Structure formats: C-alpha cells, structure tokens
Protein chains: 2
Amino acid sequence: MPESLYRTIAVDLRQRIESGELPAGSQLENEQELVDRYGASRNTIRQAIRWLTNRRLVESRPGQGTFVVKIDPVVTTLSADWKSDKGLSGGEGKAAFEEAEARNLEMRADPLLTVEPRFAEGIVASLLQIQEGTGVILRQKRRYIKNKPWSLETSYYPMKYIDQGASLLRSKSDIEQGVVAYLKEQLGVKQIGFRDHIVVRAPDDDEARYFQLPDDGTISVIVVFRTGFADDPKGPTPFRLTINVYPADTNQFVINSGEVGEVFANPIAFMTSSAESDDSLIK
Amino acid sequence: MPESLYRTIAVDLRQRIESGELPAGSQLENEQELVDRYGASRNTIRQAIRWLTNRRLVESRPGQGTFVVKIDPVVTTLSADWKSDKGLSGGEGKAAFEEAEARNLEMRADPLLTVEPRFAEGIVASLLQIQEGTGVILRQKRRYIKNKPWSLETSYYPMKYIDQGASLLRSKSDIEQGVVAYLKEQLGVKQIGFRDHIVVRAPDDDEARYFQLPDDGTISVIVVFRTGFADDPKGPTPFRLTINVYPADTNQFVINSGEVGEVFANPIAFMTSSAESDDSLIK
DNA sequence: GCAAATTTGTTCGTATGTATT
DNA sequence: CAATACATACGAACAAATTTG
C-alpha cells in the first residue's frame, strides 16, 4: 500500500514500535544509522520520522535523539452532575481539583493569576451576548499536573459586576469559594446552567510556548468554551465565559448524562496498531 | 521571534492571509514564484507551506497549486436533554438528523450498514464491561453532509440480545425507530444514561481514506465513545457502545447542562490571527 | 483522446547551524 | 572543548497529478 520510500520506512518503524521491539520510552537509531539500515538518504529518513512524529508515535530532541513516545492521558469530567452539583455551584476549578485528587494526580495552580481589563471582542462578546467593546475582566490561570503545564484557563466577566460590588474579581489571587459561588453570595447572580463548546485547533504561539509543544503546529489543542447562564426574568442570560485550553495528545474528556455507574472513567488507550480490522472478526 | 528562514516566510504568508490579501479559497503563488519572491530555495518554501498546512491555513493539491483553506465547521450537540429526551430514547442517529435539519444541512447516511459479528476486545470489552472474547454485533454506518463524508459510526451490541429476540440487529438496513427504542420495545432494555468519552488522535488508514484526509497524519480525528447504560437491579449496566469518528478540523461539539437559552449553538470561528494579545487590552 | 505545459511530490546529495552530553 | 544528534538550508533531478491546447 505505501508506495513511497519514506512511507515504507515509516510503516516499518511503526511496526517495530507496535510489535514491542521498540518499547515506549526507548531510543530509535540515530538518523545516520537509519540511513545505513534502510539505504535511503538522510532527508528521506527525516521525512519518515516526521510521519511518525505527526502521529505522536515518536518525538525528536536535538542533541539527544528520537524516542518512542510514552503517553499517559489525563481524563477530565466535563459534566456538572457527577456529584451533587459541584460544577454548577463551585466552578470548574474546584471540580477539577477534586477530580485530580480522586485520580491521585498532583495538580496545582499558579497562586498568581493574570488579571486584566479588556474590551469584549469577537467570540467573547458573542458568547457573552454583549456589545463589542463592552468592558470585561479577564482572569487567566495556569494549572499544572506533576509540575508540567496542563491547562490554561481564561475567564471573562462583564465589568459591571465589579461596579456592583464584586471587587474580588480584580484581585490577582484565587477566589476561595470559586467565582460562581462568590458572585451568588455577593450579588445574588445564580448560575442555572452552562454550555460547553469544544473545538480542536492548532496552538497559537503563546500556547505552544506554555505547553512546550513543537512549533510546527502538529500537536493540536482542545479548547473548551464554557458559557455560564444566570437566572433572569428574560430567560437564561450569559454572565461568564471560561475558556480552557489543553494539549490534545494528552487529554481526554468525559461527559455523563443520566445514570452511569461510577462517575470517573479511565483513560482510553488506543491500539496504536491500525490492525483492528481482522483480528476480532469472526470468520 | 521566528528565527529560521522558513518560519519567517511562513509567518509572512500567514500575515498576508489574515490581512485579507489572500482571501479564503484563493490560490497562492506557485512554489517557483515563492522561491523568487522570498529568495529562498524550493525546499525552504515547501517547509514554510508545510507549517501553514499543519495549521490548516492552506492546502496543497498536486497539479493545481496551494490554496487558502475555507473552513465551515459543523456543530453537533452531544447532550441528550436538548429537547425532551430524543438522545436518551431515540438514539444519536435520529438526534443528529434532527439537528442537521434544524441547521439546514443536507445530511444523509448510507442506506446499507456494515454488520458483522465480532469478539469483543480491548476498549470494546472494557467499556461494555464484558469478558474479552464475548460475542458482539458490530454495526457501522457512514454519514454524509452535502455529499461529503462527515462521520463514521460504529456500534457494538452484546450478541445475547439477538439470542433473546432482537433479530433486527442482524439486518443491514437502518432500524427505523432507532436501536435504543427497538431494544426497549423488543426486550424491555431501558437506557437510563450514557457516558461520552472524547479523544483526539491521528486517523488510521481506513479513516484517512474515508474522510479523504492527507496521509501524513496532520489532521486529527475526534472520537466520541458513547456507552449506553441500561436499568438493572445491580445498578446501571452498559448495554451498547457507539463510536463516532469525525475529522477534527471541520467539527465542533456542544454540551448543554441545565438551562441555557437556545439549544443550538453556532460554530466558533477562531481568529486565525494569533494577535489576540494586545488588541483588546485596555492600556 | 492525446500531448504538452504546469504544479506539487519524492528523493538524492551536501553543507552548516544549534542543542545536548 | 569535543563529540554527537537533530535542525535548517541550498541545489538538483525525476515522478505524479492536473489542466490546457
């Protein structure tokens, strides 16, 4: 099937990885050795490695070598109803911490947030259903798991809440009880629902730097836009927007609806093999 | 910031795209002209184009040229509670059709399904909570929007339901009322909840062929594992697994929880620009 | 329907730069 | 500092896909 030379070499290397000859974490032969082994030019070998890199099977590090990737995905539950309703009342920060704890992951967040006033634009204005140019407060938080960057969370709140007395929104430190609970206590703004909008795209420069993703754009990020809706005489009204960005190669998401047994699901390990065609077929 | 030549060229081309000088759908200069324009070698030009391709900004077609990509993402609602409870009772097929209709998309499915007996293995056995090697029925359906491949849906049902009388599971044609409703009518198996598990990965060969994705693995697919749970004295018990695969560059997903105003959300168009840093900052 | 022209895809060779050990 | 390994860049040739005449 693979007609071109670099494809043939790539498929052969993939087979060697999947057969266990090259286990996760192990180092490939260097490029010169691969040149000798396959009798191809160095450019062709590099093209084959690029094919494997695009599939997250290997990873090259300058000065060191090329290594078989070991993946250990983190699973995050997006649904709010997994336990009483932490997600609806506490905010996703708290929920994420509790889930991480239940999964035995060392999670932490930067104690300092980036807090900036902005004019609402584009998506922000559109999802919050406010005029472009309206004042909003941006609050950005970095989260880490095992000291490695895990998520970048950016929240937007209409500026009017500060004017109305929710002055903690300006503070650069975390709001203890969660912003949703705080806004309810302070202003009586009650969240009655939310919408998650999930998008996969290439990281921008900031994201690539923060997550230490290769700058060639081959590893995507998953972006979750969560719009919170508050009770209002005119019907559910958007009052907050939280955008979470995660590297797509190491993160999975779960949504529970109705009754589903245990609330926390395990990561799905996909057969790197694409062999799934005939193995399980009853003939 | 971009030190290497190909990065500089790529960023310049990106700027020309985002400024509107090269609108969506338009054709770039050919490689030779870019060589002349930037005074770089053809290989370097091609590497710059690859950088843009990885970000889904452009697309090259052999014999024709390189074109600015026009994206028109499809949004799918995953939550079941968006209208009475079609998702819980009717099955996602029906729900998807109704959503497509509401969005004015021409959606159709192959009238013929692939139906095969299998032995449960790996993820399938694990999510259905059955022994590896247990018999299951695989039902696979292809869906199209505007005559272009949109999703690949593969469902697994324990073989025992056929033995118990749900013989339609063997049929290669669609089950009118939806499988969930059929199993309820026929056997009294009632779905009380489901779990969606979302994963992003590179397409396998079959998927790349079906979706006509480039074989270099740069465009990922989004995979949604939906495990349906049935009422049971021992608690919620998995009774079906539906795996939907979608190309990641043209699909977005929405989950509604609680009350959220309109049920259908519009696609999010991300500023291809990564300029979002200072524009909206109040100084 | 065929041949020519155009355009991207693959492959080789070679040289130099940069990061890590 | 030296050795090693990947990254970038140049030049060249032929192959494959598509459009055009």
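Predicted, not measured: the structure shown is a model, and the values here were computed from it.
Aromatic ring centres of A:W150 and A:Y246: separated by under 6.0 Å.
Once rounded to the nearest 0.5 Å, the distance linking CZ of A:R50 with OH of A:Y6 reads 8.5 Å.
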* Might you work through the side-chain contact (heavy atoms from CB on, under 4.5 Å) test for B:I255 and A:I198, ending with a clear yes or no? => CA-CA 8 Å; B:I255 301 117; A:I198 302 177; 3.6 Å; yes
* Can you check side-chain contact (heavy atoms from CB on, under 4.5 Å) on B:D196 and B:F225, steps first, answer last? -> CA-CA 5 Å; B:D196 284 337; B:F225 297 82; over 6 Å; no
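Remark: side-chain polar atoms of B:T53 are paired, donor with acceptor, to backbone N or O of B:I49 under 3.5 angstrom.
Spacing between atom CG of A:L5 and atom P of D:dC14 amounts to 18 Å, rounded to whole angstrom units. In this structure, CZ of B:F67 is placed 13 Å from C1' of D:dA17, rounded to the nearest angstrom. With rounding to whole Å, B:Q47 atom CD is found 13 Å from D:dC6 atom C1'. Protein atom CZ of B:R50 is 12 Å distant from nucleotide atom C1' of D:dA7, rounded to whole Å. Atom CG in B:N43 sits about 12 Å away from atom C1' in D:dA13, given to the nearest Å.
Checking the phosphate oxygens (OP1, OP2) of C:dT10, no side-chain nitrogen or oxygen of A:T44 falls inside 4.0 Å.
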Which protein N or O atoms sit under 3.5 Å from an N or O of nucleotides 7-9 of chain C?
unit_1	atom_1	unit_2	atom_2	d
C:dT7	OP2	B:N30	ND2	3.0
C:dT7	O2	B:G63	N	3.3
C:dT8	OP2	B:E31	N	2.9
C:dG9	OP2	B:R46	NH1	2.8
C:dG9	OP2	B:R46	NH2	3.4
C:dG9	N7	B:R42	NH2	2.8
C:dG9	O6	B:R42	NH1	3.1

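Here the shortest heavy-atom pairing between B:V115 and B:K172 reads O-NZ, 3.4 Å.
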